[in-house]
Amino acid sequence: MRVSRRTCLTGLAGAAGCAALSRFASAQLKPTQATDLTIQTAQAEILPGTMTDGLISTSMDRPPPVLQMNQGQVFRSRVTNTLPDYTAMHWHGIRVPNGMDGVPYLTQIPFGQDEAFDYEFTPEDAGTYWYHPHCMTMDQMALGLTGVLTVAEAEDPGYDADIAFNLRDFRLNGDGEFIELWTARGAARAGTKGTVVTANWRVDAREEAPAGGLVRVRLAATDTARIYKVFVPDAEGAVIALDGHPLQQLRALPLTEDGALVLSPGQRADLVIKMPEDEGRVVDIMNAMPGGPRRIAHMRSTGAPRQRSTSEIVPLAPNPLSEPDLSNARLENFVFGWSPDGLEPNNGLCGTLGYTFWSINRTPWAGDAAEGTGPLASFRLGESVVLRLQNESPNAHPIHLHGLTFRVLRSNMRAVSRHWTDTALLLKGETLEIAFVADNPGDWAFHCHVIEHQKTGLAGYISVLA
């Protein structure tokens with residue numbers, strides 16, 4: 001009998017078989033429901049053969065951990081700050097109560113050195129998400145403070161392993177030392193890219209996976225600017241979820257650069273990959289980059305073959321989301337583009353780059369604690385909404401909406417995926433229409449997730465009135 005995770009859970013396999021499985025079993029089986037985090041400086045070997053000082057993490061020598069939660073169960077985390085700068089933690093893509101969203105001055109007061117904040121919420125949606133600071137965002141994220149967050153399905157889908165890759169780059173010189181984290185040129189264009197591309201803080205990260213097994217691979221683009229174009233040559237499997245939410249029709253794995261899966265900052269993808277039956281064979285995860293594709297991670301098959309079949313890959317259960325009533329939806333227009341000339345940079349209480357380049361509806365974000373800054377729009381609780389997002393700029397913008405989940409309806413330039421999401425890539429000159437139900441009361445940040453764009457004006461918020 002093939003030993004699967006589901007078989008072990010139901011007690012139908014022998015102890016030896018389950019013990020063998022446990023070597024690869026994801027902690028998804030026993031999610032931690034209380035995880036305290038301490039934000040601190042760190043040191044790690046990012047560039048092979050060198051040590052990088054000045055990193056920020058929640059451990060001394062590793063990236064922030066993969067936080068594991070259960071769908072429909074309370075999660076608690078006391079986040080303690082040891083840095084001299086203020087901070088606040090945002091749970092990207094999770095529909096949390098407004099006071100838990102971690103946006104300074106909009107939903108909470110940021111906390112300073114040796115202070116802590118207790119976060120508590122119940123994740124409604126299973127899937128892959130991530131977490132990062134929302135105060136001093138550019139510096140703290142660029143220095144490493146981004147982590148993957150998973151929410152386990154109520155029914156375990158029965159994969160043989162669950163592996164998360166935190167995709168992000170760092171701006172380092174050849175000695176592993178940080179160089180300037182951002183540039184005015186980058187902020188005014190597509191963002192400042194890093195010089196070293198990593199997965200889980202490693203160049204060409206390696207993980208072991210059970211030979212012949214079905215492996216859930218979670219990819220999270222947590223960069224401040226880089227857009228990933230991921231493909232998995234010669235692999236078998238399927239794409240089962242995007243941006244945390246299950247696809248009701250499975251998609252083919254991206255096998256070539258031409259069919260690469262695009263992940264802009266903030267976006268995620270869940271793949272199920274069948275590992276080779278032979279021990280020692282490798283599955284490569286590639287990224288299309290200027291100058292040619294580069295391997296960013298790989299998985300090596302290990303152990304006795306599991307002999308799983310791709311026919312066992314089925315859609316996950318959908319998350320409990322309300323479909324907008326498009327026949328009775330309110331339409332609002334948002335224009336993303338340059339900032340009018342002569343305006344001051346944001347107030348800087350949670351970090352400023354010293355410039356204003358961008359705007360929404362030709363008004364740049366004045367800063368997290370600026371007085372007199374109202375919402376871009378206000379909606380009634382339960383109202384169906386369509387937002388028309390128009391990009392007047394020559395650069396792409398991954399647009400992220402806090403607290404709510406939306407569908408992309410249409411584009412004036414391309415066919416679009418209509419899966420549920422919290423982050424949509426708005427291309428140069430593109431107009432996207434997105435739809436959601438305003439079912440989570442509060443003030444919700446709405447911004448570009450190229451952090452230099454956010455910090456130089458391309459941000460705002462919407463209100464859902466209880």
Side-chain angles (χ1 to χ4, degrees), residues 90 92-93 103 130 132 134 137-138 141-142 146 167-169 182-194 220-229 242-243 261-268 332-340 343 345-346 353 355-366 376-377 386-402 404-414 416-417 421-436 444-462:
H90 170 57
H92 184 115
V103 179
W130 63 294
H132 65 83
H134 229 280
T137 316
M138 186 65 205
M141 284 183 61
T146 65
L167 306 180
R168 54 155 309 136
D169 64 22
W182 59 272
T183 64
R185 178 185 176 87
R189 298 191 179 188
T192 305
K193 308 296 191 301
T222 75
D223 251 311
T224 60
R226 183 176 298 278
I227 296 175
Y228 290 84
K229 299 177 180 179
L242 292 173
D243 300 329
L261 183 63
V262 176
L263 296 177
S264 64
Q267 294 189 299
R268 296 86 63 204
E332 290 284 342
N333 293 289
F334 292 90
V335 177
F336 301 84
W338 294 112
S339 172
L343 296 179
N346 73 58
L353 303 192
Y355 301 91
T356 291
F357 294 127
W358 302 97
S359 67
I360 301 178
N361 291 343
R362 299 181 176 83
T363 301
W365 180 239
L376 296 164
V386 172
L387 301 184
R388 181 175 292 145
L389 314 181
Q390 181 181 354
N391 186 3
E392 291 188 336
S393 82
N395 299 108
H397 301 287
I399 303 300
H400 175 51
L401 176 59
H402 290 219
L404 300 161
T405 303
F406 60 84
R407 288 193 188 277
V408 178
L409 299 179
R410 61 187 65 90
S411 162
N412 67 332
M413 294 174 56
R414 57 186 168 123
V416 294
S417 171
T421 184
D422 50 76
T423 307
L425 182 60
L426 184 61
L427 301 178
K428 169 186 174 181
E430 185 176 34
T431 297
L432 285 179
E433 289 188 359
I434 68 173
F436 60 88
W444 299 110
F446 188 50
H447 62 88
C448 178
H449 228 286
V450 173
I451 304 302
E452 289 157 285
H453 293 175
Q454 174 194 345
K455 300 303 288 187
T456 55
L458 216 164
Y461 71 97
I462 66 170

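Of the inter-residue distances, the one linking Ile360 atom CD1 with Gln390 atom CD reads 13.5 Å to the nearest 0.5 angstrom. Rounded to the nearest 0.5 angstrom, Asn391 CG and Phe334 CZ are separated by 14.5 Å. Rounding to the nearest 0.5 angstrom, the gap separating the CD1 atom in Ile399 from the OG1 atom in Thr423 is 9.5 Å. Between His397 atom NE2 and His449 atom NE2 the span is 14.5 Å, to the nearest 0.5 Å. In this structure, Phe436 CZ and Leu401 CG are separated by 5.5 Å, a value rounded to the nearest 0.5 Å. To the nearest 0.5 angstrom, Thr222 atom OG1 is 11.5 Å from Leu263 atom CG.
Taking the charged nitrogens against the carboxylate oxygens, Arg362 and Glu392 do have a contact shorter than 4.0 Å, which makes a salt bridge.
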Is there a side chain to side chain contact (heavy atoms under 4.5 Å, CB included) between Lys229 and Leu261 once you walk through the steps?
-> CA-CA 5 Å; Lys229 299 177 180 179; Leu261 183 63; over 6 Å; no
Test Asn361 against Thr363 for side chain to side chain donor-acceptor pair (under 3.5 Å), laying out the working first.
-> CA-CA 5 Å; Asn361 291 343; Thr363 301; over 6 Å; no
Checking side chain to side chain donor-acceptor pair (under 3.5 Å) for the pair Ser339/Thr356: CA distance, chi angles, key distance, verdict?
-> CA-CA 7 Å; Ser339 172; Thr356 291; 5.4 Å; no
Verify side chain to side chain contact (heavy atoms under 4.5 Å, CB included) between Thr224 and Thr146, making sure each step is shown before the conclusion.
-> CA-CA 10 Å; Thr224 60; Thr146 65; over 6 Å; no
In sequence, state the C-alpha distance, the side-chain angles, and the governing distance for His92 and His134, and then conclude on ring-ring contact (aromatic ring centres under 6.0 Å, His included).
-> CA-CA 10 Å; His92 184 115; His134 229 280; 9.0 Å; no
Worked check of side chain to side chain contact (heavy atoms under 4.5 Å, CB included) between Asp422 and Arg268 = CA-CA 10 Å; Asp422 50 76; Arg268 296 86 63 204; 2.8 Å; yes
Could you check Arg407 against Ile434 for side chain to side chain contact (heavy atoms under 4.5 Å, CB included), going step by step and ending with a plain yes or no?
-> CA-CA 5 Å; Arg407 288 193 188 277; Ile434 68 173; over 6 Å; no
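Note on ring orientation: taking the six-membered ring where Trp is involved, the planes of Trp130 and His132 are tilted (angle from 30° to 60°). Ring orientation note: the planes of Trp358 and His453 are tilted relative to one another, at an angle of 30° to 60°.
Within the 4.5 Å cutoff, the side chain of Val262 has heavy atoms near those of the Ile227 side chain. With contacts defined as side-chain heavy-atom distances shorter than 4.5 Å, the pair Phe446/Leu376 qualifies. Glu452 has its side chain within reach of Leu353: a pair of non-hydrogen atoms, C-beta onward, lies under 4.5 Å apart. Side-chain contact between Leu432 and Arg414 is present, with at least one heavy-atom pair separated by less than 4.5 Å. Using a 4.5 Å heavy-atom cutoff, the side chains of Val450 and Pro398 are in contact. Within the 4.5 Å cutoff, no side-chain heavy atoms of Val408 are placed close to those of Ser417.
Considering all non-hydrogen atoms of both residues, Val386 and Ala435 come closest at CG2-CB, 4.1 Å. Pro265 and Asp223 get closest at one heavy-atom pair: CB-O, 3.4 Å. Smallest separation of non-hydrogen atoms from Pro364 and Ser359: N-CB, 3.7 Å. Summarising the geometry of Gln454 relative to Cys448, their closest heavy-atom pair is CB-O, 3.4 Å, with the distance given to 0.1 Å.
Asn412 places no side-chain N or O within donor-acceptor distance of the main-chain N or O of Glu430, the cut-off being under 3.5 Å. Tyr228 contributes a side-chain N or O that, together with a main-chain N or O of Arg168, makes up a donor-acceptor pair within less than 3.5 Å. Counting only distance, with no hydrogens or angles, the side chain of Asp169 and the backbone of Gly194 share a donor-acceptor pair below 3.5 Å. Without hydrogens or angle criteria, Thr183 side chain to Gly186 main chain gives a donor-acceptor distance under 3.5 Å.
In this structure, a donor-acceptor pair under 3.5 Å is present between the side chains of His447 and His402.
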